[in-house]
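First up is the structure itself, then whatever we jot down about it.
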Amino acid sequence: MNVDNMIELRNVCKVFPGVKALDNVSFDVERGAIHALLGENGAGKSTLIKIISGVYSIDSGDILYDGKPLNSDSPSKSIELGISTVHQELKMVDMLSVAENIFMGHPIMKGSALGKLINKKEMCEQAQALIDSMGVSINVNDTLGDLSVAKKQIVEICKALNRNAKLIIMDEPSATLTETEIEIMFKVIRKLKEDKLTVIYISHRLEEIFELADRLTVLRDGKSIITDDVSKFDRDKLISYMVGREITSIYPEKSVAKSELLLQVKGLSTKDVLSDINFSLYRGEILGITGLVGSGRSEVLRSVFGADKFDNGEVIVNGEPIKKHSRHTILDAIKCGIGLVPEERKVEGIVPEFTISQNVTLVGINKIIKQTFLNNKLEAEATDAHIKMLHIATPDRHALIKNLSGGNQQKVVLAKWLFVDSDILVFDEPTRGIDVGAKQEIYKILVDLAHQGKAILIVSSEMPEIMGICNRILVMHDGRITGEFSGDDVTQEEIMYASTL
Amino acid sequence: MERIRQNKSIKSLIHSVTKNYAIIFVVIVTYILFTIICRLVLGNNAFNRPENTFNMLRQMAIVSVLAAGEFFVIISGMIDLSVASTLALSSIFYAMVVKAGGITFLPLAIVVALMAGLVVGLINGVIIAKFYIPPFITTLGMMLIVRGCVYLITNSYPITSLPQGFNYVGRGWLFGLPFPIFIVAAVYAFAILFSEKKKAGRFMFAVGGNEDAAALSGINTKKYKILAYVMCGVIAAISGIIMAGRLDSGHPNAGLNYEFEAIIAVVIGGVSFSGGKGKALGVLFGAFFMTMLLNGMTLISIDSNVQNVIKGIVFILAIGLDVFKNRSKK
């Protein structure tokens, strides 16, 4: 063990059913350094963080922390050992004050006639001192919920410091921050470095890595590809390590849009998110919607499908509004041939305790009814046809869907809509949490479906994916469409620029 | 080849039985256990003699029918604590109509009793599905409201001196078997068919298994939640009619605490307490298990208060096992 290393990983492996999330990952993080962790979505960053912070256990390999084997089986144990994580979704209590959040779980007590009571005054003083030392202006008596996201993150960092954290892991802290907020955040992170703390920093924004980090590790497909000083890299070199292959190679040849207009969205608006969304979708076309998290992409899909309310606008299918004079329901949308493959597969897509065939026939159940009863034979035929068509890997149609891999579950969710012959297929993050091989298969299926004359609408945060399969790309920011590009000659920079307009 | 296939199908049958009907083994073991205990404690075959088996079949009628209704609510991911009060309400209506109009009013009495169950179920369902009040709270409230109404209507006195023939439904014999057995058979034939072969049954499982996914598949989840409660109410009313026949009266205290027995029967019968999974036939075995337990304990003279304690323990164990089973899978 090198004494200068805060944490060392040696051949760490982690397998989830169907996915090898981490495959012999090894790297060191130097004490007092800002260490960046890079990789595409699904490369294994989140799994790795969850292992270091005690949420998951490892299947094999070793982790040395501060010179000793890391001995943690729970997040609270990791925190005790000095490992704190600042999450994308903050884990704090909005209703309490800043000071109370900083001292969450181990408040300062004082003796009194009533036994031990919380010493609020002392807590506020200490919390304020800590905040002030970061060089930011936050009043610790304020309610946490009233602060901006950046300030909340700083409070979370202070909370970690207050527990004598030695290693702070930051999971995409900048994803939802504005430029000025990022500057403040960087100041705080540099202050941590001055105080000899170690920071593991995760971000998709390469400029930040070059500006902030000392060293970096690239993960790809669950493997650690390279670890070295940031100064040894440039942007192109870094991307090639991250991607590791020609971006186009996993995408099939694109479909060709026909002239027949299937879906038209006119002036779609909601009170809080969307304003004046207009677009058209043609038969044979794959249309992508991208933008930052919170830009309103999913809301567009859900409004079109009738799952979310919208206040103004029209959704027109085949030249007719789905419903005149009133908002359409999900059932109306389904009857007009729209099918939604939702973002959270496990939460919204599948019925886990159902078999494959029960899931496949859920929407088109009327097609398997014979003399008022569900008919086993019709159900079996329908399911087997889709298992074959979509190459769903399963022992048989009676397998419970929860036992399938993510990619195969996604195919079953799609099969639901193909069984009722939906013409307009709407996907929210179609390949989230699916490994690379299965992704490639899903892309091929999508393009094939477009070839067959379906119209496909996709929301995705993964730019290579959007660029790889879409004929046209809409970019959203703050509830508006801020750019429209042809899928063939657009650069990542152009999309990035439009999504921050 | 043929042989391999045969082996495989036997294997899968055994697998399916052990997975869905573990309760069968519990029933057999409990039966043997009580037979032995009776021999040791009483020195006779009080438990396993045919008369007692008939007796148990008659006793189980009420709980098993009640459990069939509860089954539909639980697979839809909810719970109904008001079933035993509904039972009492329908049984007093049933007795009141017959008392007022004579035995020729029996068909009308049945309709009135079933309607009472339907209305209670409908109110439960609408409050839960349309106003988003949690099922536990809604039906706990209804349990008190309905039982309170029963006491108000009867002034806390049982309705007795009913005409001859009134008690046939609870005490009669048909083809050498206790009559209630035929009602149980009919109710379970319906429950099995409905839950496994009808669209509405499939949709109830879907709503209980993943309400969001069901809604996004175009299923009107509210409608099926309300339907589950309505069916539960009507089936509880059927058990109320059997109860009135058995007691030969409309008793305001009828079925007190039976909701627990019904819920235990459902859960111990292999139905997931969190919804979306289970077999109606398993519930029938679960009800038989409950009846056997109470019958056996009574035969060996265990104090009724001790019986309540044991019932409570079985209740927690049954649900605990279900929770544990789900947790260990994650």
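Order of the sequence lines sets the chain letters (A, B, ...), proteins ahead of strands, with each chain counted from 1.
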**Item:** Pairwise distance NZ(A:K416) to OG(B:S217) - rounded to 0.5 angstrom
**Value:**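 Between atom NZ of A:K416 and atom OG of B:S217 there are 3.0 Å.
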**Item:** Flag if over 12 foreign heavy atoms under 6.0 Å of NZ, A:K50
**Value:**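 Counting neighbours around NZ of A:K50, 12 or fewer heavy atoms of other residues, nucleotides or ligands fall under 6.0 Å, so no.
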**Prompt:** With chain A, which of B:E196, B:K199, B:R202 has the greatest number of heavy-atom pairs at distances under 4.5 Å?
**Reply:**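 Greatest number of close heavy-atom pairs with chain A: B:R202.
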Which atoms of [X] approach chain B - backbone, side chain, both or neither, heavy atom under 4.5 Å:
X: A:K335; value: neither
X: A:F354; value: side chain
X: A:Q358; value: both

For the residue pair [X] and [Y], establish whether any side-chain heavy-atom pair is separated by less than 4.5 Å.
X: A:L362; Y: B:I219; result: yes
X: A:L331; Y: B:N220; result: no
X: B:K197; Y: A:N376; result: yes

**Prompt:** Any idea which heavy atoms bring B:G218 and A:I334 closest together, and the distance?
**Reply:**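 That closest heavy-atom pairing would be CA-CD1, 3.4 Å.
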**Message:** Restricting to non-hydrogen atoms, name the atom on B:A215 and the atom on A:I330 that form the minimum distance, rounded to 0.1 Å.
**Reply:**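 Closest approach of B:A215 to A:I330, heavy atoms only: O-CD1, 3.4 Å.
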**Asked** So, B:N210 side chain and A:V347 main chain: donor-acceptor pair closer than 3.5 Å or not?
**Response**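 Present.
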**Message:** Less than 4.5 Å to any heavy atom of chain A: does that hold for the side chain of B:F205, its backbone, both, or neither?
**Reply:**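 When you check distances to chain A, atoms from both the backbone and side chain of B:F205 fall under 4.5 Å.
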**Prompt:** A:L340, A:V413, A:T372, A:I369: which one forms the most heavy-atom pairs within less than 4.5 Å of chain B?
**Reply:**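 If we count pairs closer than 4.5 Å to chain B, A:T372 comes out on top.
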